[in-house]
Participant: 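Would you mind keeping the following structure in view while I ask a few things?
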Amino acid sequence: MIHKGEYLRDLLRGEVGKTVHAHGWVKTRRDSKGISFIQLNDGSSFQDLQVVVEAGSIPEEVMKVTTTGACVRVTGEIVASPAAGQPVELKAKEIALYGGADPATYPLQKKGHTMEFLRDIAHLRTRSNTFGAVFRVRNALAHAIHSSFQERGFVYVHTPIITASDCEGAGAMFQVTTLDMMNPPRTDKGEMDYAKDFFGKPAFLTVSGQLNAEIFALAFTNVYTFGPTFRAENSNTPRHLSEFWMIEPEMAFCDLSGNMELAEDFLKYTIKSVMEACPDDLDFFNKRIDNTVLETLTQVVESRFEHVTYTEAVRILEKSGRTWEFPVFWGADLQSEHERYLTEETFKKPVIVTDYPKEIKAFYMRANEDGKTVRAMDVLAPRIGEIIGGSQREERYDVLLDKIRKQDLNEEAYWWYLELRKYGSAPHAGFGLGFERLMLYLTGMKNIRDVIPFPRTPASADF
RNA sequence: UCCCUGCUAGCUCAAUGGCAGAGCGUUCGGCUGUUAACCGAAAUGUUGAUGGUUCGAGUCCAUCGCGGGGAGCCA
C-alpha cells in the first residue's frame with residue numbers, strides 16, 4: 001500500500017538525492033538516442049513524474065514492456081531536472097513491471113480524443129489528463145461540501161434511497177420490486193397485488209431527500225443530505241442524468257433570505273476550496289476545456305449574487321426587445337432562453353430569482369401574503385442555467401392541508417409531513433443542488449456524463 | 001419525447017454517384033535532454049445494420065441502432 005509521502009505528488013516535492021520507489025501508470029514515453037523519458041502518473045496530481053532512463057541502465061527486455069499504459073514500479077534517485085517543465089525528475093535505477101499494456105491495442109494516445117470516445121472506455125478514461133483532473137476536482141468538491149456544512153454546525157443526515165412514501169413528487173420514479181414481472185400476483189380486480197411485494201406496497205428509488213430532511217431539521221435545527229437520487233425522466237440533454245448526486249440543506253428558524261444567504265455562501269465556499277485544493281487541475285480546464293472557467297469562478301467568489309423577484313425578472317425580459325421562442329408573461333415559467341438572458345446578458349453573474357407564482361411551484365412552498373406568489377428561489381448560473389432550487393417551506397398546518405387538498409394530492413400519504421406542522425412546527429427553509437451541475441460549473445466540462453464516474457442515462461447504464 | 005445533425009483505419013477527419021485517403025497512434029529505422037519531441041519508412045478498411053434505387057452506392061431513398069447539438073421535464 002502507498003502511504004502518505006509516497007504518492008507521486010509527494011515525490012514531486014521530495015528532496016533531491018533521495019532514493020525512492022515510484023508506483024504508477026505510464027502516460028507517455030519519449031525516446032532519444034541515449035536516453036528515454038517516461039511520464040508516470042498515479043492519479044495523485046495533475047503533474048506527471050518524469051522518469052529518466054539512461055541507455056544501458058535498465059535491461060532491454062524491461063524497457064520493451066515499459067510502454068504507454070503499462071503499470072510499473074520505478075526505483076531511483078530524485079534529481080534536479082536540467083530541463084524546463086519540471087523541477088525534479090526520477091533517475092531510474094530499476095523498473096519492475098506490474099502489468100503490461102499492448103501498445104498496438106491500448107486505446108489511449110496522447111492527443112486527439114473526444115469525450116464521446118473516452119466515455120466508451122470509462123474503465124480507462126480515468127487515466128487520461130482530463131478525467132484525472134475531473135475526478136480529483138469531484139473529490140475535492142465533495143470534501144468541501146461536507147466541511148462547508150460541518151463548519152456551520154449542520155448535521156449530516158442519511159435519507160433513504162428506497163422510498164415507499166409516494167409523495168416526493170419531484171419527477172418520474174424508478175420502481176423497486178421483487179415481484180416476478182412475467183407472472184405477477186394479481187388482486188381480485190386483476191391489478192398488481194403489491195401486498196405481496198417485498199415492502200408490502202409499491203416502492204421506488206428516491207427523487208429527493210427533502211421531505212425526510214425536514215423531519216431532521218425540525219429536531220436538529222440545521223441539517224443536510226448529500227447522496228444519490230434518481231429520475232426516470234426520458235431526458236436526453238448534456239445537463240441531466242438518471243442517477244445523480246444531490247445536496248439538500250434544510251434549516252429550521254430560517255426564511256427565504258436566510259436560504260439565499262446560505263446558497264450564496266455555500267457556492268462561494270465550495271468553489272474557493274476547490275480552487276485552493278486543485279489549482280493544477282483547474283489550470284488544465286482553463287487551458288484545454290474552457291478558457292473562461294477561472295475568470296468565471298473568481299468572479300463568482302468575489303461578486304454579490306444578483307437578487308431579483310420573478311415579477312421583476314419578467315419585466316426585464318419583456319423590456320429586452322427580444323423575440324422569444326416561448327412568450328414571456330406573468331404566470332409563465334421561465335424557459336432556458338430566459339434564464340440564459342438574465343445570467344449571461346443582463347447580469348453576467350449568478351442570479352437568484354425569488355417569489356414565483358404559486359401555480360408553477362410545489363405545494364410545500366410557503367405562501368406569500370400577496371396570495372399570488374410563494375417563497376421560492378432558483379439560483380441561475382451562466383452557461384448551465386438552474387443550479388439550485390429551493391424555498392421556504394409552508395409551516396402552517398391549515399395552509400398546507402388546504403394546499404394538499406386543492407392540488408388533489410393524497411392527503412393520507414402526507415400524514416407525517418402534516419404532523420410535523422401539528423407538533424412543534426417552525427419556520428424552515430432549504431434547497432437542492434445538483435452535485436454534477438456544480439461540477440460542470442467548476443470544470444467547464446460540457447456534458448454531465450463526463451463529470452460522474454459512471455453515468456446512467458436513458459438507454460445507457462454501462463460499466 | 002420532439003427538431004436538427006453525424007456514423008469511413010485504433011483515434012480525429014477527407015473523399016462531384018465512378019481506383020478507399022490524410023494526420024495522429026502503432027511497428028521498424030534515425031536523432032546526445034525530451035515536454036502533445038523531431039526526421040524517414042511500413043502495416044492497418046465487412047464505410048453502424050437491414051432493405052431499396054442505379055450499369056455502378058461511402059455518397060441517393062426507407063427503416064432501425066448508436067452518438068452529438070437544441071427543446072421539453074428538471075437538479
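FYI, side chains are in, hydrogens and waters are out, and symmetry mates aren't considered; it's all heavy atoms of this structure. Residue numbering restarts at 1 for every chain, and letters A, B, ... go by the order of the sequence lines.
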Participant: When the distance from CD1 of A:Ile360 to P of B:C73 is rounded to whole Å, what number comes out?
Facilitator: 10 Å
Participant: Could you tell me how far B:A42 sits from B:U5 if I compare only their P atoms? Round to whole Å.
Facilitator: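 After rounding to an integer number of Å, I get 41 Å for this pair.
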Participant: Using the ring of A:Tyr356 (Phe, Tyr or Trp, six-membered ring only), decide whether A:Lys361 places NZ or CZ under 6.0 Å from its centre and within 45 degrees of its axis.
Facilitator: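 Yes, A:Lys361 lies over the aromatic ring of A:Tyr356.
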Participant: Could you tell me how far B:G23 sits from B:A43 if I compare only their P atoms? Round to whole Å.
Facilitator: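 Nearest-Å result for B:A43 against B:G23 at atom P: 13 Å.
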Participant: For A:Glu54, give me all partners under side chain to side chain donor-acceptor pair (under 3.5 Å), at least two apart in sequence or on another chain.
Facilitator: none
Participant: Taking only Lys NZ, Arg NE, NH1 and NH2, and the carboxylate oxygens of Asp or Glu, determine whether A:Lys93 and A:Glu77 approach each other closer than 4.0 Å.
Facilitator: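 A salt bridge links A:Lys93 with A:Glu77.
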Participant: Would you say the side chain of A:Ser235 and the base of B:C74 hold a donor-acceptor pair, judged only by whether the two atoms sit under 3.5 Å apart?
Facilitator: no
Participant: Any non-hydrogen side-chain atom of A:Met115 less than 4.5 Å from a side-chain atom of A:Phe131?
Facilitator: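 In contact.
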Participant: Against A:Arg375, only a single residue in A:Asp255, A:Asn368, A:Thr354 fulfils side chain to side chain donor-acceptor pair (under 3.5 Å); can you say which?
Facilitator: A:Asn368
Participant: Could you state the atom-to-atom distance from NZ of A:Lys287 to C1' of B:U35 in whole Å?
Facilitator: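 About 10 Å, once rounded to whole Å.
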Participant: Rounded to whole angstrom, note down the P distance from B:G48 over to B:U59.
Facilitator: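 Comparing P positions in B:G48 and B:U59 gives a spacing of 8 Å.
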Participant: Sticking with atom P, work out how far B:C3 lies from B:G56, rounded to a whole angstrom.
Facilitator: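 Looking at atom P only, B:C3 and B:G56 are 34 Å apart.
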Participant: Output the rounded distance in Å from CD (A:Gln109) to P (B:G10).
Facilitator: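 So the CD-P distance, A:Gln109 to B:G10, works out to 12 Å.
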Participant: Does A:Ile387 reach a base, just sugar-phosphate, or nothing at all? Heavy atoms under 4.0 Å.
Facilitator: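 Contact class for A:Ile387: sugar-phosphate only.
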Participant: Any stems for RNA chain B, made of 3 or more Watson-Crick or G-U pairs in a row, each with both distances under 3.5 Å?
Facilitator: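 Counting only runs of 3 or more consecutive pairs, the stems involving RNA chain B are B:1-7 with B:65-71, B:10-13 with B:21-24, B:26-30 with B:38-42, B:48-52 with B:60-64.
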Participant: Is A:Glu395 salt-bridged to A:Arg366, going by a charged N under 4.0 Å from an acidic O?
Facilitator: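 Yes, charged N to carboxylate O under 4.0 Å.
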Participant: Kindly state which residues belonging to residues 327-340 of chain A come within less than 4.0 angstrom of RNA chain B, counting heavy atoms of the residue only, listed by number.
Facilitator: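 Per residue number, the list reads A:Gln335, A:Ser336.
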Participant: Do any of residues 88-103 of chain A sit with a heavy atom less than 4.0 Å from RNA chain B, and if so which?
Facilitator: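 Heavy-atom contacts with RNA chain B come from A:Glu89, A:Pro103.
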Participant: Starting the side chain at C-beta, find the nucleotide from B:G72, B:C28, B:U34 nearest to A:Phe326.
Facilitator: B:G72
Participant: Quick one: ring-ring contact (aromatic ring centres under 6.0 Å, His included) partners of A:Tyr441, sequence neighbours excluded?
Facilitator: none
Participant: Per the side-chain contact (heavy atoms from CB on, under 4.5 Å) rule, which among A:Val51, A:Val65, A:Thr66, A:Val62 passes with A:Val72?
Facilitator: A:Thr66
Participant: Determine the contact category for A:Gln50: base if any of its heavy atoms lies under 4.0 Å from a base atom, sugar-phosphate if only primed atoms, P, OP1 or OP2 are that close, otherwise nothing.
Facilitator: base
Participant: Taking the minimum atom-to-atom distance to the side chain of A:Glu54, which one of B:G33, B:U26, B:G68 wins?
Facilitator: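 Nearest to the side-chain atoms of A:Glu54, counting from C-beta on, is B:G33.
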Participant: Is A:Thr105 touching bases, backbone alone, or none of the nucleic acid, heavy atoms closer than 4.0 Å?
Facilitator: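 Nothing, no heavy atom under 4.0 Å.
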Participant: Could you work out the separation of B:U34 and B:U44 based on their C1' atoms and round it to a whole Å?
Facilitator: 28 Å
Participant: Quickly work out the A:Asn234 CG to B:C74 C1' distance and round it to whole Å.
Facilitator: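 Value for this atom pair: 13 Å.
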Participant: Heavy-atom nearest nucleotide on RNA chain B for A:Thr457 versus A:Glu386: which residue maps closer to 5'?
Facilitator: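 Looking at RNA chain B, the more 5' nearest nucleotide goes with A:Thr457.
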Participant: Pick the C1' atom in B:A36 and in B:G25, then give their distance to the nearest Å.
Facilitator: 12 Å
Participant: Remember a base hit wins even if backbone is also touched, and classify A:Phe435 as base, sugar-phosphate or nothing at under 4.0 Å, heavy atoms.
Facilitator: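 The answer is nothing, as A:Phe435 stays clear of every strand by at least 4.0 Å.
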Participant: When you compare the protein's N or O atoms with those of nucleotides 2-6 of chain B, which come within less than 3.5 Å of each other, and at what distance?
Facilitator:
none

Participant: Between B:C74 atom P and A:Glu243 atom CD, what is the distance in whole Å?
Facilitator: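 Nearest whole value for this atom pair: 21 Å.
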Participant: Tell me, please, which residues at least two apart from A:Phe174 pass ring-ring contact (aromatic ring centres under 6.0 Å, His included).
Facilitator: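 For A:Phe174 there are no ring-ring contact (aromatic ring centres under 6.0 Å, His included) partners, ignoring immediate neighbours.
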Participant: When you compare the side chains of A:Trp245 and A:Thr229, does any donor N or O come within less than 3.5 Å of an acceptor on the partner?
Facilitator: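 Their side chains do not contain a donor-acceptor pair, so the 3.5 Å distance test is not met.
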Participant: Any residue in residues 77-86 of chain A with a heavy atom nearer than 4.0 angstrom to RNA chain B? Just list them by number, or reply none.
Facilitator: A:Ser81, A:Pro82, A:Ala83, A:Ala84, A:Gln86
Participant: Suppose you measure atom P in B:C24 against the same atom in B:G40; what distance do you get, rounded to whole Å?
Facilitator: 10 Å
Participant: Establish, yes or no, whether the cationic atom of A:Arg9 lies under 6.0 Å from the six-membered ring centre of A:Tyr7 and within 45° of the ring axis.
Facilitator: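 Yes, a cation-pi geometry.
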Participant: Do NZ/NE/NH1/NH2 and the carboxylate oxygens of A:Arg393 and A:Glu250 come within less than 4.0 Å?
Facilitator: yes
Participant: So for A:His240 and B:C74, does any side-chain atom that can act as donor or acceptor lie under 3.5 Å from a complementary atom in the base?
Facilitator: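 Between B:C74 and A:His240, which were checked side chain against base, a qualifying N/O pair under 3.5 Å is present.
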Participant: Of all residues at least two apart in sequence or in a different chain, which pass the ring-ring contact (aromatic ring centres under 6.0 Å, His included) check with A:His146?
Facilitator: A:Tyr156, A:Tyr224, A:Phe226
Participant: To the nearest Å, how far apart are A:Phe244 CZ and B:C73 C1'?
Facilitator: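 Taking CZ of A:Phe244 and C1' of B:C73, I get 12 Å after rounding.
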Participant: Are the charged groups of A:Arg125 and A:Asp120 less than 4.0 angstrom apart, N to O?
Facilitator: no
Participant: Please report the distance separating the P of B:U47 from the corresponding atom of B:C19, rounded so that it comes out in whole Å.
Facilitator: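 That atom pair is separated by 15 Å.
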Participant: Once ring-ring contact (aromatic ring centres under 6.0 Å, His included) is applied, do any residues pair with A:Phe220, and if so which ones, sequence neighbours excluded?
Facilitator: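 Listed in chain order: A:Phe216.
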Participant: Does any residue of residues 116-141 of chain A have a heavy atom under 4.0 Å from RNA chain B, and if so, which ones, in number order?
Facilitator: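 Of all residues in residues 116-141 of chain A, the ones placing a heavy atom under 4.0 Å from RNA chain B are A:Glu116, A:Phe117, A:Arg119.
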Participant: Establish, from distance only, whether the side-chain atoms of A:Tyr364 and A:Glu214 form a donor-acceptor pair under 3.5 Å.
Facilitator: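 No - no donor-acceptor pair under 3.5 Å links their side chains.
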Participant: If the threshold is 4.0 Å, N to carboxylate O, is there a salt bridge linking A:Lys268 and A:Glu264?
Facilitator: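 So A:Lys268 pairs with A:Glu264 through a salt bridge.
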Participant: Are the side chains of A:Ile161 and A:Leu205 in contact, using a 4.5 Å heavy-atom criterion?
Facilitator: yes
Participant: Given side chains that start at C-beta, do those of A:Leu438 and A:Thr270 come closer than 4.5 Å, heavy atoms only?
Facilitator: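 The answer is yes, as the side chains (C-beta and beyond) meet within the 4.5 Å cut-off.
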Participant: Rounded to whole angstroms, how far apart are OH on A:Tyr106 and C1' on B:U27?
Facilitator: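 In whole Å, B:U27 C1' lies 19 Å from A:Tyr106 OH.
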Participant: When you check the side-chain N and O atoms of A:Arg30 and A:Gln50, is any donor under 3.5 Å from an acceptor?
Facilitator: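 Present: a donor and an acceptor within the cut-off.
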Participant: Measure CD/A:Gln210 against P/B:C74 and give the value in whole Å, please.
Facilitator: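 Those two atoms, CD and P, are 14 Å apart.
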Participant: Tell me whether A:Asp31 is salt-bridged to A:Arg29, with the criterion being a basic N under 4.0 Å from an acidic carboxylate O.
Facilitator: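 Salt bridge between A:Asp31 and A:Arg29, a charged N being under 4.0 Å from a carboxylate O: yes.
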Participant: Do A:Asp283 and A:Arg288 sit within salt-bridge range, that is, some charged N less than 4.0 Å from a carboxylate O?
Facilitator: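 No.
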Participant: If you take any heavy atom closer than 4.0 Å to RNA chain B, which residues from residues 20-34 of chain A end up in contact?
Facilitator: A:Arg30, A:Asp31, A:Ser32, A:Lys33
Participant: May I ask you to decide whether A:Glu394 forms a salt bridge with A:Lys358, counting only side-chain N to carboxylate O separations under 4.0 Å?
Facilitator: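 Looking at A:Glu394 and A:Lys358, the cut-off is not met.
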